[in-house]
Amino acid sequence: MNNILGIKNSVIAGEDELVVELVKQALDTEIAVSTIVNEGLIEAMNVVGSKMATGEMYVPEVLMSAAAMQLGLEYLKPLLKEGDVTSRGKVVIGTVQGDLHDIGKNLVAMMLESSGYEVINLGVDQSIENFLQAAKDNQPDVIGLSALLTTTMPNIRENVRLLREAGINAKIIVGGAPVNADFATEIGADGYAADSAGAVALVKQLLS
Amino acid sequence: MLKGGMETSALKFLTEEDISKIHRVSMRVLAEVGVQITETEALDLCKEKGARVDYANNRVYFSEELVMKAVESAPSTVTIYDRLDDTRNIVLGGNKVYLGTGGTAINILDLDRIRRETTTEDIANTARLVDALDNVHFFVIPCYPNELDTKDVDVNRFYHSINNTTKPIMGGIFTVDGVDKVIKMAAEIAGGMDKLRERPFISFIASILSPLKLDNDRTKILFKVARAGLPIATSTAPLAGATSPVTLAGTLVQLNAEALTGVVLTQMVNPGTPILYSSVPTIMDMQTMSFLFGSVESGIMNAAVAQMAQFYKLPLYSTGGISDSKQPDQQAGFEKALTAILPALAGANFIHEAAGQLDSGMTISYAQYVIDNDISGCVLRAVRGIEVDEETLAYDVIAKVGPGGNYLAQRQTVKKMRTEFFYPKAVNRINYEGWEEAGAKDTWTLAEEVAKEILIKHVPQRLLEEIDQKIREIEPGIKVL
């Protein structure tokens, strides 16, 4: 079990190369793949989540841990059987047309990934056609729309309307500096969060 | 964590020529105007050491030669020690910046926001609070125990400070024999007078009055501490416009003469006495006749005084982080930040009054200590400035991230984020909704929460039981809390 503890600790420390090395060693000692995944990689992210909540870990450290976990998972991919890892849900996310801002939206994407969600990050300045196409191609559980400018906020409203009209069966969440909970309710979105941690909590709640 | 003792000379109000002019005029003041001293032992000593003494008028005149000889014999570095180990020593001198508390208030704005008189318990509590606040580097005993008999005040002020923090301590003395009691007690704790002199963890203040005079008791205390060879500050607080010239330059001239008088007297008593060049420049409000502590002019003069002390190669007792506001409000915030950062950026050594005081020094507040700990942290971050080297210039990470990427999940970000940025404790840095949800608290409220938690949880390194018992036997006037 020392190997598992090592994997867990190196994920928490964000030591991505060490994680892969220890995963290899664990496989050599014939530890089950599901044990490595669940008790090593995923358990580490649970610890990271609570350390972030208490303020002990900062966001960049969480992202490093998530990257380390992903690398470990990547290495194990060919060996994974059905049911070894379960995605907690699929999220399509993007910044609406006319808006080139992306640091907040990317942060939400990264935090969702760190929390075990599969994220399709469309990027910035995305037309409604692109959102619709991505929704059809990926069948996401959640669609996230982002805007930073007050001038592009109306595009969020329009996107929500068109996604609903097209019958897309996904929860729609909205965010960005000018957006607030009242606006989200008014335009018929399913949810709003003020920051990346809030976004993760929101998605978790919507999919529970 | 931002350590004390970082150096800077980022800010200079005075040119070399200005410094030299102030020096020259101060020398003339000391030689031709002189200083009023009434204590006969001091007058005799001044005469014996070569000063011109006019006994009829209690006036002593110091020549430049005499002054500069004292400046030479005074140490350029004075260390005040952590009581237990060397982790929190303050090494005063040069351009090293430290910030700490000041005194002596008689009121406290308590955690229930009611203002009342301070007691011995407040000395113990502030010491314990400061013990836990990283950016407060030393403890000047901040308040007066109003409930005690005068004869017990000195020993109680020092005892309850020493027993509640291991940070370096300084305090004013209220009775002449109080200083003997305090030194005896500290020697007992240190394991002997020699050990106390070797590693002084307490130090004293005996004020010189503006303009240019010493009272008998303060002179006696000064002499006692100098004979004991312990660190001392001769805090002088001229009020520009009232007890010193209205011009800032004129106040600096007089203050310089007063600070150097402290140096001369201590070196006459005991050459090598660890003396701090001591200054508390303030102004008087000409509209209201109020004594002002937190004026921007104080900040400017305190920065200039740092340059003067550096010119003489003497460690400095400086002042900053002060306010005339009555509660932890906006005025307190800006006055404290301004008056702390100005001397700090000039490399002032011992910036006292920089935590907990309000109301021109007459009132303390537990919450204010927490807020000032944050202000001092910001000030220290500015003192540290910008490190420029190959790693910090960050070409490699700029190239790795590339146009349109982000720096969040980069190793350098994780490695440096805690030290490149300072994180205050009692401020609002969340978004509007988050702030509202958390109760829409202001800094005062947040700081009260931090202060309460520290006062409930923090246990300092107390005195050893056996030493404690022995001290209490010698000094039965020490209050049991």
Side-chain angles (χ1 to χ4, degrees), chain A residues 12-18 48 51-52 55-71 95 100-111 113-114 121 123-125 148 174-185 191-199 201-202, chain B residues 1-2 132-135 370 373-374 377 381 391-392 394 396-398 400-441 443 446-447 449-454 456-457:
Chain A
I12 295 169
E15 299 279 358
D16 47 11
E17 283 161 24
L18 187 61
V48 167
K51 278 182 188 254
M52 190 179 121
E56 193 184 328
M57 280 177 86
Y58 291 2
V59 171
E61 288 163 326
V62 175
L63 298 175
M64 298 289 286
S65 294
M69 181 204 67
Q70 288 294 343
L71 219 62
T95 307
L100 293 173
H101 296 88
D102 69 354
I103 186 73
K105 178 263 297 171
N106 285 347
L107 191 51
V108 170
M110 290 159 104
M111 294 297 286
E113 269 177 348
S114 322
N121 188 343
V124 295
D125 194 17
L148 180 95
V174 298
V179 181
N180 59 36
D182 289 344
F183 175 78
T185 314
Y192 156 83
D195 57 26
S196 55
L202 175 66
Chain B
M1 194 175 93
L2 289 153
L133 295 171
D134 286 343
N135 305 316
V370 173
N373 182 58
D374 280 348
R381 180 64 192 87
E391 191 191 2
T392 59
D396 290 345
V397 69
I398 294 170
K400 192 174 168 201
V401 169
N406 74 62
Y407 292 83
L408 290 171
Q410 295 299 317
R411 268 192 200 288
Q412 189 189 43
T413 309
V414 169
K415 188 176 159 199
K416 299 266 186 190
M417 67 185 174
R418 284 190 165 80
T419 51
E420 279 296 288
F421 307 155
F422 171 70
Y423 299 85
K425 285 189 172 76
V427 294
N428 280 301
R429 289 183 147 185
I430 45 175
N431 56 46
Y432 198 94
E433 284 85 356
W435 170 74
E436 252 186 343
E437 269 170 35
K441 293 169 188 165
T443 303
L446 292 171
E449 289 173 1
V450 176
K452 272 178 202 163
E453 194 181 324
I454 293 173
I456 289 167
K457 287 188 187 160

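Excluded from the calculations below are hydrogen atoms, water molecules and symmetry mates; all remaining heavy atoms, backbone and side chain alike, are included. Residue numbers begin at 1 in each chain, while the letters A, B, ... track the order of the sequences.
Within the 4.5 angstrom heavy-atom criterion, atoms from both the backbone and the side chain of A/Ala194 approach chain B.
Atom CE of A/Met64 is separated from atom CG of B/Leu408 by 11.5 Å, given to the nearest 0.5 angstrom.
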Produce the donor-acceptor pair table for chain B versus chain A, cut-off under 3.5 Å.
| from | atom 1 | to | atom 2 | distance (Å) |
| --- | --- | --- | --- | --- |
| B/Arg411 | NH2 | A/Gly14 | O | 3.4 |
| B/Arg411 | NH2 | A/Asp16 | OD1 | 3.1 |
| B/Arg418 | NH1 | A/Glu61 | OE1 | 3.1 |
| B/Arg418 | NH1 | A/Glu61 | OE2 | 2.5 |
| B/Arg418 | NH2 | A/Glu56 | O | 2.7 |
| B/Arg418 | NH2 | A/Glu61 | OE1 | 3.2 |
| B/Asn431 | ND2 | A/Ala194 | O | 3.3 |

